[in-house]
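See structure below.
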Amino acid sequence: METIKSHLIKKTKLLKNNLIDLPKLEARLLLAKALNKDLNWTYVNLEKKISKKKIFKYEILIKKKLKKFPTAYLLGNKEFYSMNFKVNENTLIPRPETEILIEEIKKNFESTKRFSVLDLGTGTGCILLSILKEFKNAIGIGIDKYLETLKVARINSKKNNLSKRSKFFKLDWIQKDFFKQVLKINKKFSGNEKFDLVVSNPPYLLKNEINTLMPEVLYEPKESLYDNKDGLSFYKRILPKINSLVSENSYIYLEINPKNRRNIEKICKSNNIKNINYIKDLSAKIRFVLIKN
C-alpha cells in the first residue's frame, strides 16, 4: 500500500501535466474528499496508508478533474460569504464577485432591521441565506423554476440553521400570474404586503460569450447562465412590473452583464425607473444595478 504522501506527489504531477490550475491544492482537496477527512488531516498524516477502496474513489475524482469538471461539484460544496453551501450540477457555483452584493446591502440596511427579501432565481440560496445570516430579523423567499435546484437550496437553509426565516418556492417568472403568486406567498409567510429588498443573479450571458467560457463553466446549468436570447429576458420581464413587488423605500439589486448595461438602462428608462446606481465587481467592471424605490 502506498502512502498519502506518495499519492499526492503522483497526482500533483498528473494534474500539472494536464494543465490543471493549482495542481498541488487540487490533488489534496480531492484526496481529502476520497478519504472523507478535512484538508488539515492530509497534512499531518502523510505516512498513512490508503486502502484500495479509497484509492479507487480518489482515482475517479482525479479522472473527472482531468476532464475539467468543477472542483466544487466534486467536493459537493462551495464557500460563499464565510458560509458553506451544498452545490451540484443543478445549481450554479457561487462566485466570489457576488459576495459584493451582501456588502452593498449592509450599507443600506441596519443590522437589527426587520425586512422581507425576495431572491429571484435563487439557485443554491447563497445570496438570500447570506443576507439572512447578516440580518437576524430579516425574513426571505427564494424562487426558482427547477425542483432539483430548490431541493439544494432547502438543504442549505437547514444546514445553516435558517429554515425558520427562509422558504423556497417553485415558480417561473414567465408565467402569467407570477407577480400575483409571489405577493400571495409573501403575505402568507411574512405577513408583509410587499418586499423591502429584491435580489437576483439571473441568466445574463450573451450568445457569443458561451463559446468563450472556461471548460469548467460548461458543466454548470446553461439555463442559469444564458437565456437563449440576448441575456435580457429577465430584465424585460421583471423590471416593467418591479414596483408591484416592492414597498416604499425599498432596494433592488440585480447582477448584470457589463456589456448589457446600456440596454438595461434603456429598459429602466422606458419603464420610468429613474433612481439607478451601478456597482463594480472585483475586476472594476460594472456588475450590479441598484434601483432605489
Side-chain angles (χ1 to χ4, degrees), residues 78-83 85 91-111 113 115-135 138 140-144 153 173 195-206 209 213 217 220 224-227 230-243 245-247 249-293:
K78 178 73 176 174
E79 189 181 282
F80 179 86
Y81 210 73
S82 301
M83 292 168 72
F85 292 92
T91 69
L92 276 187
I93 298 166
R95 304 288 199 274
E97 58 262 30
T98 306
E99 293 180 340
I100 295 166
L101 202 55
I102 317 300
E103 289 298 322
E104 290 295 324
I105 290 164
K106 283 164 76 175
K107 292 176 185 177
N108 291 312
F109 286 86
E110 291 173 21
S111 59
K113 184 176 168 64
F115 61 94
S116 59
V117 190
L118 172 62
D119 181 12
L120 296 168
T122 195
T124 59
C126 68
I127 297 174
L128 173 61
L129 297 172
S130 297
I131 294 167
L132 297 186
K133 192 186 176 191
E134 288 297 310
F135 298 92
I141 289 164
I143 302 291
D144 209 285
W173 53 60
F195 296 92
D196 305 297
L197 172 64
V198 175
V199 293
S200 185
N201 177 13
Y204 60 59
L205 289 182
L206 304 175
E209 288 180 307
L213 295 175
V217 182
E220 296 187 59
S224 299
L225 294 164
Y226 172 55
D227 62 8
D230 54 6
L232 290 167
S233 297
F234 168 84
Y235 312 96
K236 287 175 180 174
R237 171 69 175 138
I238 298 298
L239 288 176
K241 294 189 178 180
I242 194 69
N243 282 336
L245 294 176
V246 294
S247 58
N249 303 314
S250 60
Y251 291 82
I252 300 147
Y253 290 87
L254 309 176
E255 192 158 335
I256 67 168
N257 188 331
K259 292 177 183 175
N260 255 335
R261 175 193 168 179
R262 298 293 176 205
N263 289 321
I264 289 163
E265 222 163 74
K266 283 178 190 173
I267 296 167
C268 287
K269 282 179 181 174
S270 66
N271 288 285
N272 206 27
I273 298 168
K274 293 171 182 173
N275 201 345
I276 307 166
N277 292 285
Y278 295 100
I279 301 160
K280 292 180 179 178
D281 66 13
L282 302 169
S283 309
K285 289 179 183 174
I286 286 169
R287 182 64 59 187
F288 305 96
V289 62
L290 163 59
I291 300 164
K292 294 180 187 176
N293 197 35

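Position 1 is the first residue of the sequence; numbering continues from there. None of these values were measured; they are calculated from a predicted model.
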Which pairs pass salt bridge (charged side-chain N to carboxylate O under 4.0 Å, His left out) with one or both residues in residues 282-293, sequence neighbours excluded? D281-R287
Walk me through whether K269 and K266 qualify under side-chain contact (heavy atoms from CB on, under 4.5 Å). CA-CA 5 Å; K269 282 179 181 174; K266 283 178 190 173; 5.8 Å; no
Answer yes if the side chains of Y204 and E209 hold a donor-acceptor pair under 3.5 Å, and no otherwise. no
Taking every heavy atom of R261 against every heavy atom of Y278, the minimum-distance pair comes out as NE-CE1, 3.6 Å
Listed by chain and number, what are the ring-ring contact (aromatic ring centres under 6.0 Å, His included) partners of F288, not counting sequence neighbours? none
Please determine whether side-chain contact (heavy atoms from CB on, under 4.5 Å) holds for the pair L118 and L245, giving the CA-CA distance in whole Å, both sets of side-chain angles, and the decisive distance to 0.1 Å. CA-CA 9 Å; L118 172 62; L245 294 176; 3.9 Å; yes
Does D119 have any side chain to side chain donor-acceptor pair (under 3.5 Å) partners at least two apart in sequence or in another chain, and if so, which? T122
What pairs with F135 under ring-ring contact (aromatic ring centres under 6.0 Å, His included), at least two apart in sequence or on another chain? F115
Could you give the distance from CG (L101) to CD1 (I131), rounded to the nearest 0.5 Å? 6.5 Å
For E104, what residues pass the side chain to side chain donor-acceptor pair (under 3.5 Å) criterion, not counting sequence neighbours? K107
Between D144 and G123 (side chain of the first, backbone of the second, donor and acceptor by atom type, cut-off under 3.5 Å), is there such a pair? yes
Report the residues that fulfil side chain to side chain contact (heavy atoms under 4.5 Å, CB included) with S200, sequence neighbours left out, ordered by chain and then residue number. L120, P202, F234, L254
Could you state the interatomic distance from CD1 (I264) to NZ (K259), rounded to the nearest 0.5 Å? 13.5 Å
Here the gap from L225 atom CG to N201 atom CG, rounded to the nearest 0.5 Å, amounts to 9.0 Å
On a heavy-atom basis, which atom in P203 and which in Y226 lie closest, and how many Å separate them? CB-N, 3.7 Å
Would you please test T124 and F80 for side-chain contact (heavy atoms from CB on, under 4.5 Å) and show each step? CA-CA 10 Å; T124 59; F80 179 86; over 6 Å; no
State which residue, out of T98, I105, I102, fulfils the side-chain contact (heavy atoms from CB on, under 4.5 Å) condition with V199. I105
Residues in side chain to side chain contact (heavy atoms under 4.5 Å, CB included) contact with S270, at least two apart in sequence or another chain: none
Residues at least two apart in sequence or cross-chain that pass side chain to side chain contact (heavy atoms under 4.5 Å, CB included) with S250, listed by chain then number, are V246, S247, N293
Using the test side chain to side chain contact (heavy atoms under 4.5 Å, CB included), find all partners of E103 that sit at least two apart in sequence or belong to another chain. Y81, K106
Kindly give the heavy-atom pair with the smallest separation between D196 and F109, and that separation in Å. O-CZ, 3.7 Å
With sequence neighbours excluded, tell me which residues meet side chain to side chain donor-acceptor pair (under 3.5 Å) with N277. none
Of all the heavy-atom pairs spanning G140 and L132, show the shortest one and how long it is. N-CD2, 3.9 Å
Quick one: closest heavy-atom pair of C268 and I291, and the distance? SG-CD1, 4.3 Å
Distance, nearest 0.5 Å, that separates CZ of F195 from CD1 of I141: 4.0 Å
Taking all heavy atoms of A153 and all of L129, pick out the closest pair and write down the distance. O-CD1, 4.2 Å
Under a 4.0 Å N-O cut-off, is there an ion pair linking D230 with K236? yes
The reported gap from CD1 in I273 to CD1 in I267 (rounded to nearest 0.5 angstrom) is 9.0 Å
Please identify each residue that fulfils salt bridge (Lys or Arg N to Asp or Glu O under 4.0 Å) with E99, with sequence neighbours left out. none
Find the distance between CG (N260) and CD1 (I286) and round it off to the nearest 0.5 Å. 12.5 Å
Any sub-3.5 Å donor-acceptor pair from E220's side-chain atoms to I93's backbone N or O? yes
By salt bridge (Lys or Arg N to Asp or Glu O under 4.0 Å), which residues pair with K274, not counting sequence neighbours? none
Hey, are the side chains of S130 and F85 touching, using non-hydrogen atoms and a 4.5 Å cut-off? yes
Start with the C-alpha gap between N108 and Y253, add the side-chain angles, then the distance that decides, and say whether side-chain contact (heavy atoms from CB on, under 4.5 Å) holds. CA-CA 11 Å; N108 291 312; Y253 290 87; 2.6 Å; yes
